[in-house]
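In this chain, residues are counted from 1 in sequence order. These values consider heavy atoms only, across backbone and side chains, with no hydrogens, waters or symmetry-generated copies.
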Amino acid sequence: MASLSTPLISLPRHPNSSSPTFSTDLRFSGHPALSLIDQCTSIKQLKQVHAQMLRTGVLFDPYSASKLISASALSSFSSLDYARQVFDQIPQPNVYTWNTLIRAYASSSDPAESILIFLEMLDHCSECPDKYTYPFAIKAASELRTLQVGRGFHGMAIKATLGSDIYILNSLVHFYGSCGDLDLARRVFVKTPKKDVVSWNSIITVFAQGNCPQEALELFKEMEAENVKPNDVTMVSVLSACAKKVDLEFGRWVCSHIQRNEIKENLTLNNAMLDMYVKCGSVEDAKRLFDRMPEKDIVSWTTMLDGYAQLGNYEEAWRVFAAMPSQDIAAWNVLISSYEQSGKPKEALAVFNELQKSKSPKPDEVTLVSTLAACAQLGAIDLGGWIHVYIKKQVMKLNCHLTTSLIDMYAKCGDLDKALEVFNSVERRDVFVWSAMIAGLAMHGQGRDALEFFSKMLDAKVKPNAVTFTNVLCACSHTGLVDEGRTFFYQMEPVYGVVPGIKHYACMVDILGRSGNLDEAVELIEKMPIPPTASVWGALLGACKLHGNVVLAEKACSHLLELDPRNHGAYVLLSNIYAETGKWDEVSGLRKHMRDAGIKKEPGCSSIEVNGSVHEFLVGDNSHPLCKEIYSKLDEMALRLKSNGYVPNKSHLLQFVEEEDMKDHALILHSEKLAIAFGLISLSPSQPIQVVKNLRVCGDCHSVAKLISKLYDREILLRDRYRFHHFRDGHCSCNDYW
């Protein structure tokens with residue numbers, strides 16, 4: 001093979017070129033350079049052959065040039081930049097050469113270039129696009145999801161009398177499905193005269209990927225009825241539909257069908273079966289298949305890992321993780337996201353820390369989104385801020401997913417200014433970015449500002465969705481904007497095209513109930529077009545507690561427990577209502593019923609971040625290393641509170657406690673008070689005390705936090721399940737409207 005390193009020479013390729021042109025020449029058909037192309041295993045070797053072809057003039061033979069283009073654009077060592085340079089040297093590329101370049105770019109990371117080359121072909125090629133050109137151009141339009149461009153190709157193919165070509169029609173089915181137009185995809189499929197297995201695969205895949213699994217399975221049954229033999233591609237799509245439909249029974253039938261019809265199993269098909277079993281909740285079936293698979297890749301291992309993690313079987317998940325030949329970032333992400341989504345943020349952050357220690361692989365966008373969500377749950381602003389800096393240092397693109405996660409994290413960690421800073425730093429803001437910022441403002445009791453952001457969102461031509469309206473209604477609820485909330489609620493469907501769902505009705509009941517409009521709240525529930533859920537009755541029950549309406553509270557609680565008999569929150573709320581009205585016999589009765597039924601109140605848990613470490617406290621907790629100092633500070637707090645006129649609100653005790661001093665003692669041991677005491681002894685006076693509680697903060701703790709902020713001259717941020725309470729100088733940001 002020649003070792004020449006001749007530089008590429010730019011030659012004109014248009015018909016009006018003054019350079020010589022060549023038709024297919026038999027003199028070059030057996031040229032040694034052509035056989036050398038087939039032997040090349042690298043671009044370096046191909047460039048050496050290219051140099052020979054330039055020296056001998058072989059490059060100017062259309063057939064020889066097309067062979068060089070094919071190798072440079074489509075081989076395992078291809079380089080599209082180099083292929084394009086070679087292409088630009090060919091005086092008159094034939095249609096095969098144009099098709100090769102269009103095909104290569106259609107499958108590349110820059111499919112738009114494929115369409116531009118197609119347009120160049122129309123101008124500069126003496127031959128018209130053929131039945132091989134259009135499928136490649138349509139594929140490029142599919143990748144770009146450009147409906148108008150693809151429809152243009154469809155029309156051109158029809159005008160070129162290629163409208164009934166099976167390859168073009170199959171490409172169009174895939175194209176319309178990729179663009180989300182399932183109706184058009186089906187219409188093209190129905191009009192396909194002689195459907196082959198690729199035709200059926202295309203339409204089944206379109207519906208399976210288009211979140212229409214039932215239709216995909218029906219099409220598969222039609223395919224069977226037409227006696228078209230499915231192949232492995234068919235079965236992968238059918239298994240995907242079973243997984244999305246969570247149809248384990250039919251999924252098992254499909255797996256047995258594969259064996260009965262002797263469809264050759266391969267790694268892709270086995271992974272699809274594995275994924276179906278896991279998503280349908282049968283990790284046992286998945287394990288049996290996994291154990292007999294002759295070949296496994298990272299997808300196989302990660303699927304098994306995900307199966308155990310989603311079931312909460314972390315012991316088995318860690319076993320799979322340890323047994324993996326190599327742990328890529330997807331495996332780490334499975335563990336982090338499953339812990340975060342199952343309400344175990346501390347464990348999620350622990351896995352992230354292990355990932356950092358391992359040095360490899362590097363966190364990706366999915367890792368950071370899940371970790372930021374865990375930080376938001378715990379109020380771990382130090383780690384969340386570190387991730388923000390990491391994103392900047394790695395020059396990662398701050399897309400809408402990361403932007404939304406950062407805004408959510410900063411808002412839930414109490415730094416609303418930082419959340420606004422992130423929001424203002426990005427140019428592209430989708431509906432989720434806007435919604436996250438509205439939610440942050442609502443959570444901090446800045447309802448008016450939240451509604452102003454909603455107006456700005458509309459001005460920016462961003463269409464609100466169901467999440468946006470949930471956040472807008474929460475903003476109205478937290479700040480007592482009853483008229484505004486009522487207006488937005490009744491405008492949702494007629495003005496914005498968003499049908500109110502359960503969350504919106506629950507918010508509206510909360511708005512009306514908190515403001516004392518209990519009759520209107522009841523009327524709204526009775527007129528709901530969908531059955532009210534436990535959350536709707538829970539909102540009414542909460543309002544009854546606020547206004548001391550025992551009769552309506554009992555009715556709401558009864559409906560709630562019919563829907564969710566083991567809802568401990570309902571018992572606690574009704575118990576507190578009874579306690580506030582002095583009905584201690586009823587309190588004791590509820591407590592006994594809970595005990596007999598084995599219903600336990602979810603324990604209150606409060607966390608506080610100090611020097612980058614998150615410390616958690618349960619009610620009456622004595623497990624902390626600084627337990628002695630914490631309880632000493634609690635005693636000091638109790639004395640100072642008492643000397644300043646504080647009287648414990650004993651209605652917030654679930655159980656009936658006879659001795660008054662025992663009631664006082666039970667209240668002082670609430671988890672948020674322990675966390676505040678720890679903050680007082682661990683943080684400097686200039687640092688705000690930020691506490692996150694898993695439940696709603698009780699009225700007594702709210703009163704104590706207000707007094708502590710004044711007596712100790714400290715800023716206290718207390719986030720409960722619903723909102724932030726910002727205490728300063730004896731006042732709270734919620735203005736006691738909580």
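Screening D635, D700, D621 for a salt bridge (Lys or Arg N to Asp or Glu O under 4.0 Å) with K673, the sole residue that qualifies is D700.
The shortest heavy-atom contact between A411 and G440 is CB-CA, 3.7 Å. Nearest heavy-atom pair, P345 versus A374, reported as atom, atom and distance to 0.1 Å: CB-O, 3.6 Å. Residue S338 comes nearest to A309 through the heavy atom pair OG-CB, 3.5 Å, listed as atom of the first residue, atom of the second, then distance. Here the closest non-hydrogen pair linking I689 and G679 is CD1-C, 4.0 Å. Contact detail for H388 and V422: the closest heavy-atom pair is CE1-CG2, 3.6 Å. Of all heavy-atom pairs spanning L368 and P363, the tightest one is CD2-CB, 4.0 Å.
Between the R696 side chain and the R723 main chain, no donor and acceptor come within less than 3.5 Å of each other. Remark: the backbone N or O of L473 is not paired with any side-chain donor or acceptor of S477 at under 3.5 angstrom. In this structure, the side chain of S709 engages the main chain of G730 through a donor-acceptor pair within 3.5 Å. In this structure, Q377 contributes its side chain and E340 its backbone to a donor-acceptor pair below 3.5 Å. Side-chain atoms of H478 do not come within 3.5 Å of backbone N or O of M443 as any donor-acceptor pair. Between the side chain of D408 and the backbone N or O of T404 there is no donor-acceptor pair closer than 3.5 Å. Without hydrogens or angle criteria, D510 side chain to A506 main chain gives no donor-acceptor distance under 3.5 Å. Between the side chain of H504 and the main chain of G501, a donor-acceptor pair closer than 3.5 Å is present. In terms of modelled atom types and a separation under 3.5 Å, the side chain of N517 and the main chain of E520 share no donor-acceptor contact. A side-chain donor-acceptor contact under 3.5 Å links S703 to the backbone of G699.
By the 4.5 Å heavy-atom criterion applied to side chains, T468 and N465 are counted as neighbours. When side chains are defined from C-beta on, D585 does not count as touching Y578, because their heavy atoms never get closer than 4.5 Å. Within the 4.5 Å cutoff, the side chain of L402 has heavy atoms near those of the E365 side chain. Counting only heavy atoms from C-beta outward, the side chains of L552 and K555 approach each other to under 4.5 Å. Taking 4.5 Å as the limit, every side-chain heavy atom of M409 sits out of range of all side-chain heavy atoms of I387. Looking only at side-chain heavy atoms (C-beta outward), F724 and S733 stay at 4.5 Å or farther from each other. Taking the side chain as every heavy atom from C-beta outward, T367 and W332 never approach each other to under 4.5 Å. When side chains are defined from C-beta on, E636 counts as touching Y712, because their heavy atoms get closer than 4.5 Å.
Taking the six-membered ring where the residue is Trp, Y496 and F469 present tilted rings, their angle falling between 30° and 60°. Using cut-offs of 30° and 60° on the angle between ring planes, the pair W434 and F423 is perpendicular. The aromatic rings of F617 and F678 lie tilted to each other, with the angle between the two planes from 30° to 60°.
Applying the side chain to side chain donor-acceptor pair (under 3.5 Å) test to N694 and every residue at least two apart in sequence or in another chain returns E602.
With rounding to the nearest 0.5 angstrom, the OH atom of Y314 is 8.0 Å from the CD atom of E347. For the atom pair OG of S337 and CG of L335, the computed distance is 8.0 Å after rounding to the nearest 0.5 Å. Interatomic distance, L383 CG to T371 OG1, rounded to the nearest 0.5 Å: 7.0 Å. The distance from atom NZ of K628 to atom NZ of K633, rounded to the nearest 0.5 Å, is 15.5 Å.
Within 6.0 Å of atom NE2 in H624, more than 12 heavy atoms from other residues, nucleotides or ligands are found, so the atom counts as buried in its surroundings. In N424, the CG atom is crowded: over 12 heavy atoms of neighbouring residues, nucleotides or ligands sit closer than 6.0 Å. Within a 6.0 Å sphere centred on CZ of F432, heavy atoms belonging to other residues, nucleotides or ligands number 12 at most. With a 6.0 Å radius and a threshold of 12 heavy atoms from other residues, nucleotides or ligands, K693 has its NZ atom above the threshold. Applying the 6.0 Å contact sphere to CG of D596 captures more than 12 heavy atoms from other residues, nucleotides or ligands.
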Between side-chain atoms of residues 606-614 and protein atoms elsewhere (two or more places apart, or another chain), which donor-acceptor pairs fall under 3.5 Å?
| from | atom 1 | to | atom 2 | distance (Å) |
| --- | --- | --- | --- | --- |
| S606 | OG | S671 | OG | 2.8 |
| S606 | OG | E672 | N | 3.2 |
| S607 | OG | L378 | O | 3.3 |
| E609 | OE1 | I381 | N | 2.7 |
| E609 | OE1 | D382 | N | 3.0 |
| E609 | OE2 | D382 | N | 3.3 |

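Among pairs with a residue in residues 432-454, those fulfilling salt bridge (charged side-chain N to carboxylate O under 4.0 Å, His left out) read R448-E484, E452-K456, at least two apart in sequence or across chains.
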Evaluate the side chain to side chain contact (heavy atoms under 4.5 Å, CB included) criterion for residues L441 and F454: first the C-alpha distance (whole Å), next the side-chain angles of each, then the deciding distance (0.1 Å), finally the verdict. CA-CA 11 Å; L441 291 162; F454 180 71; over 6 Å; no
So L524 and F489, side chain to side chain contact (heavy atoms under 4.5 Å, CB included) or not? Walk me through it. CA-CA 12 Å; L524 178 66; F489 180 79; 4.1 Å; yes
